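Predicted model, so just to flag it, every value in this text is computed and none were measured.
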Amino acid sequence: MQTTPSSSPPIAIVTGGSRGLGKTTALHLARQGHGVILTYKSARAEAEVVVGEIAALGQQAVAIALNVSDSGSFAAFAVQVRTALQTHWGRDSFHVLVNNAGSGVHAALTETTEAQFDELVNVHFKGTFFLTQKLLPLMADGGRIVNISSGLTRFALPGYGAYAAMKGAVEVLSRYMAKELGARGIACNTVAPGAIATDFGGGAVRDNAQLNAMVASQTALGRVGEPDDIGAMVASLVAPSNRWINAQRIEVSGGMFV
């Protein structure tokens, strides 16, 4: 158990922070006053660009490579986090963990391979479970955990059964994290985005005009989501003034399929 020194900014860890929802979340957290440790799988150059953008906002950031599908690497990653905290912020704890990194598979249940299924388990569920476990000794009491899920756990679209099932597991896990970590004052919530215009899934929502129009027509606010819609939500959820939301699934979809 760690505490947060009052003289230093809160530090957030955002997995998959080099692009998409992770990038925009990291930037929103930096605007809110957080230092940021962001992870990337292979796109180091993209991650360093985000580090530079955060520096331009007046906050410090560090990019560390992490493959969230490889739980065997998490102990070494925790050591790197500890070193980064001491080297760049002169402290031994962080305050916010955003489990965002992920990948998608679009395949019918009858066509989903065991390899695809295992990859989804490792990235979305096993990765979230054991990475959080390894990082908890470094998290300050009173910290926040945000696990990223999907609107697909509420509404069903053919081809996303395996992916949505993993995200459903994450939502249950989030409630258990809230229950078991409450004694340390750590709150845990799930943010479930609707269809967002990013490069996720090959950028279909962003780049396919027909799909974009279909999603907009099925969304109460009349458009597809943008990355900033999610980053702003995560930042507001972990803001110091917003402490009493816990164990909740918060869908950020503009009212998709209501």
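Under the rule for a ring-ring contact (aromatic ring centres under 6.0 Å, His included), the partners of His106 that lie at least two apart in sequence or sit in another chain are Tyr160. Applying the ring-ring contact (aromatic ring centres under 6.0 Å, His included) test to Tyr176 and every residue at least two apart in sequence or in another chain returns nothing.
With hydrogens and angles ignored, the 3.5 Å screen pairs a side-chain donor or acceptor of Gln248 with a backbone N or O of Asn246. For the pair Thr219 (side chain) and Gly255 (backbone), a donor-acceptor distance under 3.5 Å is absent. Under a 3.5 Å cut-off, the side chain of Arg144 and the backbone N or O of Ala239 do form a donor-acceptor pair. Remark: the backbone N or O of Thr190 is not paired with any side-chain donor or acceptor of Asn147 at under 3.5 angstrom. Looking only at distances, a side-chain donor or acceptor of Ser236 sits under 3.5 Å from a matching main-chain atom of Met233.
Among the candidates Glu171, Arg249, Lys167, Glu251, the single residue satisfying the side-chain hydrogen bond (donor to acceptor under 3.5 Å, both in side chains) test with Ser149 is Glu171.
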Review item, side-chain donor-acceptor pairs of residues 125-137, under 3.5 Å, at least two apart:
{"residue": "Thr128", "atom": "OG1", "partner": "His124", "partner atom": "O", "Å": "2.8"}
{"residue": "Thr132", "atom": "OG1", "partner": "Asn99", "partner atom": "ND2", "Å": "3.0"}
{"residue": "Thr132", "atom": "OG1", "partner": "Thr128", "partner atom": "O", "Å": "2.7"}

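The salt bridge (charged side-chain N to carboxylate O under 4.0 Å, His left out) pairs that include a residue from residues 212-228 are Arg223-Asp229, where partners are two or more places apart or lie in different chains. Screening residues 30-48 for salt bridge (charged side-chain N to carboxylate O under 4.0 Å, His left out) gives no qualifying pairs among residues at least two apart or on separate chains. Residue pairs satisfying the salt bridge (charged side-chain N to carboxylate O under 4.0 Å, His left out) criterion with at least one member in residues 103-113, sequence neighbours excluded, are absent.
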